Amino acid sequence: MDKRVIFAVAGSGKTTYIVDNLSERKRSLIVTYTIANYNNLSKKIAEKFNGTWPECITLMTYFTFLYRFCYKPYLSDQLKAKGVFYEINTNKYVNQSQRSYYISPGNYIYSNRLSLLIERSGVIEEVKHRIEKYFDEFVIDEVQDIAGRDFSYLEQLMDANLNMLFVGDFYQHTFDTSRDGNTNKNLFNDRNTYETYFTSKGFICDKTTLIKSWRCSKNICAFVSGMLGIDICSNRPDSDNTTIRFVTDPSEIQQLIADSSIIKLHYKDSARFGTNHRNWGDTKGEDCHMDVCVFLNKTTALLYSKGELRKLAPSTRNKLYVAITRAKGNVYLINE
């Protein structure tokens with residue numbers, strides 16, 4: 001039995017690696033969090049098998065997996081919830097023994113407590129046996145998105161008796177499947193500590209297979225490694241290089257803003273700048289951008305001027321990393 005988690009970098013081919021390892025000779029369950037990743041996986045799986053989807057391969061978004069595969073077979077008749085509610089229960093006067101802690105007045109399960117509901121209902125062993133019965137391997141794409149109570153739930157599923165492959169980029173943790181108070185609040189504060197959650201469950205931590213980016217050039221990778229402290233190398237030849245530079249000339253800035261082929265990325269509130277402006281972290285998973293213009297907010301611009309981007313809060317650093325590594329071409333940094 002093989003259980004491993006691969007720590008990858010931006011543009012290293014995480015999805016391609018997962019799809020390349022699929023086979024019609026084994027039953028695979030693949031789970032991913034975002035719709036964008038689901039669509040990307042779906043497209044590549046169809047291409048691999050020439051447009052015919054093998055019956056042995058099941059692809060689900062995370063909450064579809066929780067609700068349809070884990071909840072409905074065991075708890076649907078008993079609890080009779082209508083579905084999943086993607087809002088947080090703000091009622092502070094209920095505890096974990098009450099139905100209203102998990103289920104809304106409209107009879108929908110709060111998404112951030114669905115995994116806890118399954119666990120507290122005493123069916124976790126049945127869920128593990130069900131995975132073992134129907135699949136030979138359990139694959140999670142972008143595992144760093146699994147957070148909050150969902151990570152505690154995943155830890156229990158790690159004990160299931162089948163092959164497991166989890167792939168993700170620790171530093172691209174910009175989304176959370178769920179948040180609920182202080183549960184696993186510090187999960188992503190330290191990578192070494194994060195790795196121990198997997199090794200304690202018998203997982204191999206692979207930190208070499210997907211350490212090189214096909215998307216980013218040598219210069220972009222050197223900037224990310226040196227300035228942000230995130231180890232990343234380039235798979236591209238030295239001759240195939242691009243630049244990353246800080247732009248201060250007003251006329252050049254205006255030209256960059258006017259160039260519709262260049263996406264403009266902001267720390268937040270990108271909508272107020274118009275079309276073709278996005279927030280840093282919202283472009284995670286995208287591989288369609290050539291040149292990228294990254295606007296630095298006040299704090300980031302100040303730390304950049306001091307050469308101290310490593311001092312950014314982890315969540316801000318991760319979003320900046322995502323923004324910079326969208327570029328196949330050049331990166332232009334501008335003080336917002």
Side-chain angles (χ1 to χ4, degrees), residues 5 7-8 10 31-34 37 61-63 65-67 70-71 84-98 100-104 109-121 124 140-159 166-201 203 205 207 228-230 267-268 279-282 284-285 297 299-300 303 309-323:
V5 54
F7 290 100
V31 173
T32 190
Y33 175 41
T34 66
N37 288 337
T61 58
Y62 177 72
F63 283 108
F65 165 69
L66 273 190
Y67 184 72
C70 304
Y71 164 81
V84 181
F85 185 46
Y86 297 96
E87 297 290 342
I88 294 175
N89 186 351
T90 57
N91 189 339
K92 300 179 181 179
Y93 302 102
V94 294
N95 57 52
Q96 294 183 13
S97 65
Q98 296 175 276
S100 57
Y101 186 82
Y102 307 96
I103 300 176
S104 73
I109 306 170
Y110 294 107
S111 61
N112 66 325
R113 289 179 177 160
L114 176 53
S115 59
L116 180 64
L117 174 62
I118 297 167
E119 178 185 343
R120 288 298 180 97
S121 298
I124 191 71
I140 296 184
D141 180 35
E142 304 288 4
V143 69
Q144 80 283 342
D145 290 338
I146 309 295
R149 297 195 183 278
D150 294 312
F151 188 82
S152 299
Y153 184 75
L154 178 61
E155 283 187 281
Q156 297 186 69
L157 296 187
M158 289 181 198
D159 295 327
F166 300 165
V167 182
D169 182 347
F170 177 81
Y171 296 104
Q172 286 197 67
H173 171 243
T174 58
F175 298 136
D176 287 336
T177 51
S178 69
R179 296 178 184 175
D180 196 4
N182 292 323
T183 303
N184 286 322
K185 178 182 178 180
N186 299 318
L187 180 63
F188 297 97
N189 282 3
D190 179 75
R191 174 167 161 170
N192 291 330
T193 302
Y194 181 71
E195 290 177 13
T196 63
Y197 288 99
F198 297 95
T199 56
S200 66
K201 292 291 186 177
F203 274 66
C205 288
K207 294 179 279 189
L228 297 181
I230 298 173
Y267 172 65
K268 64 178 181 178
N279 291 339
W280 291 349
D282 291 347
K284 189 180 80 166
N297 63 331
T299 299
T300 307
L303 290 176
L309 285 178
R310 292 184 183 217
K311 293 184 178 180
L312 284 169
S315 61
T316 304
R317 175 205 58 200
N318 293 354
K319 291 174 184 177
L320 180 59
Y321 165 55
V322 167

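In this text the structure is predicted, and so the values were computed from the model without any measurement.
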With [X], the side-chain contact (heavy atoms from CB on, under 4.5 Å) member among [options]:
X      : options                : result
Arg179 : Asp176, Asn182, Thr177 : Asp176
Trp280 : Val322, Asn297, Thr174 : Asn297
Phe65  : Ile140, Val31, Thr32   : Val31

Could you please spell out the steps behind the side-chain contact (heavy atoms from CB on, under 4.5 Å) verdict for Leu157 and Ile124?
CA-CA 8 Å; Leu157 296 187; Ile124 191 71; 4.0 Å; yes
Are Asp145 and Lys284 within salt-bridge range, i.e. N to O under 4.0 Å?
yes
Any side-chain heavy atom of [X] sitting closer than 4.5 Å to one from [Y]?
X      : Y      : answer
Thr196 : Asn192 : no
Tyr321 : Asp169 : yes
Asp150 : Leu66  : yes
Phe151 : Phe188 : no
Lys319 : Asn279 : no
Thr316 : Thr299 : no
Leu228 : Tyr171 : no

Please round to the nearest 0.5 Å and tell me the distance separating atom [atom1] of [X] and atom [atom2] of [Y].
X      : Y      : atom1 : atom2 : result
Tyr267 : Leu320 : OH    : CG    : 11.0 Å
Glu155 : Asn184 : CD    : CG    : 7.0 Å
Tyr101 : Asp180 : OH    : CG    : 4.5 Å
Tyr102 : Asn89  : OH    : CG    : 11.0 Å
Leu117 : Tyr153 : CG    : OH    : 10.0 Å
Gln156 : Lys201 : CD    : NZ    : 7.0 Å

Of all the heavy-atom pairs spanning [X] and [Y], show the shortest one and how long it is.
X      : Y      : value
Tyr110 : Ser104 : OH-CA, 3.4 Å
Gly285 : Asn37  : CA-OD1, 4.4 Å
Tyr62  : Ser115 : OH-CB, 4.4 Å
Glu195 : Cys205 : O-SG, 3.9 Å
Tyr71  : Leu114 : CB-CD1, 4.3 Å
Arg149 : Ser178 : N-OG, 3.8 Å

Test log, rule side-chain contact (heavy atoms from CB on, under 4.5 Å), inputs Ile109 and Tyr67
CA-CA 9 Å; Ile109 306 170; Tyr67 184 72; 4.2 Å; yes
Under the criterion side-chain contact (heavy atoms from CB on, under 4.5 Å), I'd like the reasoning laid out for Tyr33 against Phe63: C-alpha separation, chi angles, the key distance, then a yes or no.
CA-CA 8 Å; Tyr33 175 41; Phe63 283 108; 3.8 Å; yes
Chi angles and distances behind the side chain to side chain donor-acceptor pair (under 3.5 Å) call for Gln98, Gln96
CA-CA 6 Å; Gln98 296 175 276; Gln96 294 183 13; over 6 Å; no
Restricting to side-chain hydrogen bond (donor to acceptor under 3.5 Å, both in side chains), what partner residues turn up for Lys185, sequence neighbours left out?
none
Can you classify the ring geometry of Phe198 versus Phe7 as parallel (below 30°), tilted (30 to 60°) or perpendicular (above 60°)?
perpendicular
